[in-house]
Amino acid sequence: MSCCLLDFGRVQELRQVRDFLFPKHNNAGPEEEKTRAEEEEQQQSAPWLQDCVLSLSPCSDLLVIAREHKATFLSAKWLTDESGQEEMTLAVTWSGTLSAEEGECICSVICIPLASQKRSSTGRPDWTCVVVGFSSGYVRFYTESGVLLLAQLLHEDPVLQLKCRTYEIPRHSGVTEQHEELSILYPAALVTIDGFSLFQSLRACRNQVARAAAAGSDVIQPPPLAYKKWGLQDMDTITDHSSIGITTLSVFDQMKNASMLGGFHTSVKGSPPAMSQYITVGGGPYTGFYYAIEGSSQPLLSHVALAVASKLTSALFSAASGWLGWKSKNEEESVQKQKPKVEPATALPVRFGLPDSRRHGESICLSPCNTMAGVTDDFGRVTLLDVARGIAIRMWKGYRDAQLGWVQVSEARGERDLATSPSMPRRHAQFLVIYAPRRGILEVWGTQHGPRVGAFTVGKHCRLLYAGHRLMGVNSVTSQGWQIHTQQVCLFDPVNGALRAVTIPFHLALSDKKSERAKDMHLLRRVTTLLRSLLESEAQSVLLDIKHPAIKKQALESLLSNKNAPVSCLTNVTRALLASLKEQDPEAVDKSLLQFCSSELKLLQLYTDVQLLHTPDTSPTEPEHEDLARVGPVLQRYTEMNSRPCVSFAQDSSGPLPVRTFLSQLEWYWCITNVIFVCISGSFLFWGCLSGQSPLQRVCETLQESGISPQQLLSLLLSVWLNKEKDVLKYPDAVSHLGTLLSTLSSMKGAVDESWDGQCVSPWWQQVRTACVQSESSAAALLAALVAHRVAKNAITRLGESKFQEEWECVSLELEQWVVCIKQLEDVLALQTLLCLPSPQGSTGGAVTRCSVKTLLESGRGGVADCVSKLIFRQGVSPDLLRDILQRRGENDICVCVCVVLELLECVCQRFPNSLSPDVLFAHCSWENVVQWNKDPEYLEWSVEFLKMISNPHIQFGVSAMMWQTFIVKRFSAAAFLMEKVGKAPKDRLCRRDVGMGDAAVRSFLGSSVQLLQALMEADSAVEQVSAPDVCVEEVWGGAEGPVSIVELALDQRSVHYPLVQHHCVLASLLHAAMTFSLRLKPLSLFDSKGKNAFFRDLSSIQLLPSGDMDHNLVTVRQEVSHSATLTESEENGVKHSSTEDMWPSVCMELSSILQVNTDILRRHLVCELYNQGLDLRAEEVMMEVQDKDVLGSQLLVLTGQRLAFSLLHSQSQTKPNMELLARLPPTLCTWLKAMDPSELRCPSVPLSQSSRLINKVIEMLPENHGQYSLALHLLEAHTHPPLLPPVLASAKQNWS
């Protein structure tokens, strides 16, 4: 194996990232449109990525690209390509502006994955923190979604570099265990933050943001950050740094340093002190080495500022600032303007360095073992430093603007003799990766003095991404059980967005030029070269010369994966290799290589034989079985439903199946999980037989000689049959061919256990049943089950005859299993036929639901009803129509489409009499409609109608209670609070903002809420009178296990507090009336404190409700609202009269009694308003229920006077009849009429008969001793004056019209 560069991911939407970070690319004028293709190509090749700051997480799941004040976060997603292989892609998940202060820009970015603290995933990555350093000195920490967690100002200079050191397992006891830390480099200072303190603070801040985003909570102050701040001295300029960690000098080095610093007579301490070592690069000197003795500086504690005003939670916090106790916006701004206190740095002089006055260091990259470091400079050199000795040990020339990275490779198991030295640790090799963008080359060098082991030609605008750290939060305990695979070095190509990892085998670090592995690697490259020229003999000889089994296997795999190599060449080379292996000593031969060659040779022979047998089959077919004739009508209807045009992705059938594809799919077949691959290989073997294009007998003989186990062949056959359902239904003879193949496979050696006696379940036939039960191809699964049942029955019959030799009918557990399986498949086929009904044009709903026996068994007792309810919703079947279908009524009045639904639904209901009983189906339809209404507020009316159709009060009560608690109460409370806030019926914009629907939808929703609560109260009252039903399913579906069904959940609901439900129903009626008639009211203000606190609570809880006499002021307000509702309702009735509006008077009266409003006053008010509208007949109906007739008579007397005054005094012209009638009226009556104001009448012109009838009613209601009784008599005389009044009224009516 050689060094290679492999693609492991791809960055999507790279152009959008570039356009976001460089807005100038979007400002293309009209003239530049013509050369857009050329400009795109130039921009693609331009080094725009070199102007950005990049950071890739060590887990390769997050990439950050930033420039100036903008940044883009790209997260990993797994997609399936055309060949069925999964590929990791990085897509944009967040982009925006990170700078918080004016003028600051991003200087450095680092991604730190944090380890999970959960027991089930200890030591695994939980989430990734993005640390960003700014030119203002701020260091801010973000989540993967761009949420700001905390911000720190530790120094008031621009941040130059951010680097992290995480925990590494010590290789042996002599290595000092390093602590985790985050180091921040400034131009003249270095800040190191303790990793444990940072880990705890980031977790606390993230948890706080999550709580605030959920519902708001009290602020939890996270622990402070512990950090050290060093003032780096004695260097002119600093550009980069590396934190080596804690080091301890040897005794000799300690004595040497003491003698050089203190002279000959200096004293030496007993134990060497522990020191933290830092290396910086820059100028004057070129490289500086700093040593900070542990304990010389106390850690500083920083106050962590929570970033609660992030974009994610700003809206929530601004709304909840009052009850959370946080500061106001102005106070927050004033606090932000005040910069935190910056602690002074502890001076740290440079101990020694590498002086070079002309050379200026640009970057430094520390090796994973902390023993070496690579340094780049402005002279185009790459220098390798020995960190412990502080010297340069190697230098490379010609690498201007180089980018460095390290790869650490562990020795593979088995490559060393562990038997002689089991305690010796595994060896590790360090490789330095250098990317030279000027030359467009990526090189891999062995250290310390090793040769170049790899070189790759890449683009000139790539970026080498090297993290230098792993997970933060891992310790010696959590790192033992599980090690995460992290990418050490990654090359990012902006041209195609590819992410490439450098893979280096360990043996390249070995210096033995005569090793067999090195020779084998040379031969492997030779084989690869020969394959390009298709030189069979030379490739065979070179392959046989390879000694190492692993490399020999790799060479054979390369040969077999060659797309241009013919089958004969592959067969000859594989046969020669197998022969050479058999000639060797059996103990010296690698068994895995021998087995691999043997299996590949059998597969090649099988491929050749099957490819030669593709000729038409002329053998006679068996007659149709009676079981197939029985299911024929259902299969025909299913075929018709699935024959409509649809989008499908067919495989490329332009040529025969390539041999390398066949080998890759059948090799280690039992590990393959991709259905498409299995179907392709099975089609190559079996589809010719099933479609009559290949001779059955010869193919079966070939398969028996192939050496493939019968179980694998059976699985392939069933995969082809079940995945080619449409093709199978087109060939009538395919069923008989399937029976022949099943019989042949079952007769193969090893298929059916010889000890099987028919009274136990056979694993062979259980495999067939399992495949049919799991398949979503209902028709193909049923046909396969019927054929397999017939073959199994014949085998059991032959087995019984051979044992008993008598004419006894053989009863077997195996046959009982087949009967149950076939019954389930027939039920599923009928259900699937119903579910395949096309949706009406323009209706909502998703794709057709596919089901199988397994999915129905796993969906619980309500799975069938859930599928049917989704179909009913998708078809737009109304509640009344569904009731008619279930009662088998209305066939003559239903359209053709509904007739199809009727027929199929009747068939399914006959097969599922218990699972689809009317109450169960109505309950599921009601629930499905309310679920869809929650997504799109439009279907709640049907949901309530379905709910009302449930006859059993227990089910109706439970479903209504769940609907209220799960979906209704949230929007209901939002509507109530909104109306309380605005004091009237809200407009459309406010309704959409607070409730999530328009004003018309809110009006309908409140009406449905009233009906829902009324149904809940009615069901609660009837629950005690009826026993709870049992949830039953059919016998063959008794093993269904899964989620609890809607009916079962409904039956488990707790009882409600009836007065509390009535309390909510009153509020719902008030809200509905306010929205219907646009009333001005604050609904919650109509209740006292007890009533307000009881709203929107759990209906099963016991709440304190208003009792006794209410406050007089509150009753007055309620009475005014009732009058307004009655007035508006009468106005609506005056314009339009319908059955729906007839309910409002009774609703108002019922509410008035509950709200302790005098109903008699409300009835008198309603009577007057009805007469005011000219609705005299309806007013007389309400008048019969009025108690206080005297007051009503006085009110109606005034209204009668207004009518007569309009006719006599307020007409447009004074006619002679008018003047004569006025002259004949008594003076008292004339004066009283002139005082009347007819403008208050909404219908002033009414027939004379209605006015005469009204005055008669008034005289009947007024007692004779009443003060206005005489006035009423005068009005009666005026209305009954025969000669003059008719022309007067006619004139007035003409003037009014």
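For reference, positions follow the sequence shown, starting with 1.
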> Around F196, counting heavy atoms of other residues, nucleotides and ligands shown, do more than 12 lie under 6.0 Å from its CZ?
Replying inline: no
Heavy atoms only: give me the nearest [X]-[Y] pair and the separation to one decimal.
X    : Y    : value
C462 : Q403 : O-NE2, 3.9 Å
L198 : L225 : CA-CD2, 3.7 Å
F134 : L98  : CZ-O, 3.7 Å
D157 : P187 : CB-CD, 3.6 Å
D240 : E362 : CB-O, 3.9 Å
Q12  : L74  : O-CD2, 3.9 Å

Among residues at least two apart in sequence or on other chains, which ones pass ring pair (Phe, Tyr, Trp, His ring centres under 6.0 Å) with [X]?
X    : value
F199 : none
F73  : W94
Y186 : H155

Under a 3.5 Å distance rule, please check whether [X] uses its side chain to pair with a backbone N or O of [Y] as donor and acceptor.
X    : Y    : answer
Y278 : G288 : no
R206 : W127 : no
Q178 : I246 : yes
R67  : L21  : yes

> For F22, is the NZ or CZ atom of R18 found under 6.0 angstrom from the centre of its six-membered ring and inside 45 degrees of the ring axis?
Replying inline: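 Checked: cation-pi criterion not met.
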> Under 4.5 Å between any side-chain heavy atoms of I65 and L54, yes or no?
Replying inline: yes
>> If we count only N and O atoms by modelled type, under 3.5 Å, do the side chains of S243 and E181 hold a donor and an acceptor together?
In response: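 Indeed, the side chains of S243 and E181 share at least one donor-acceptor pair under 3.5 Å.
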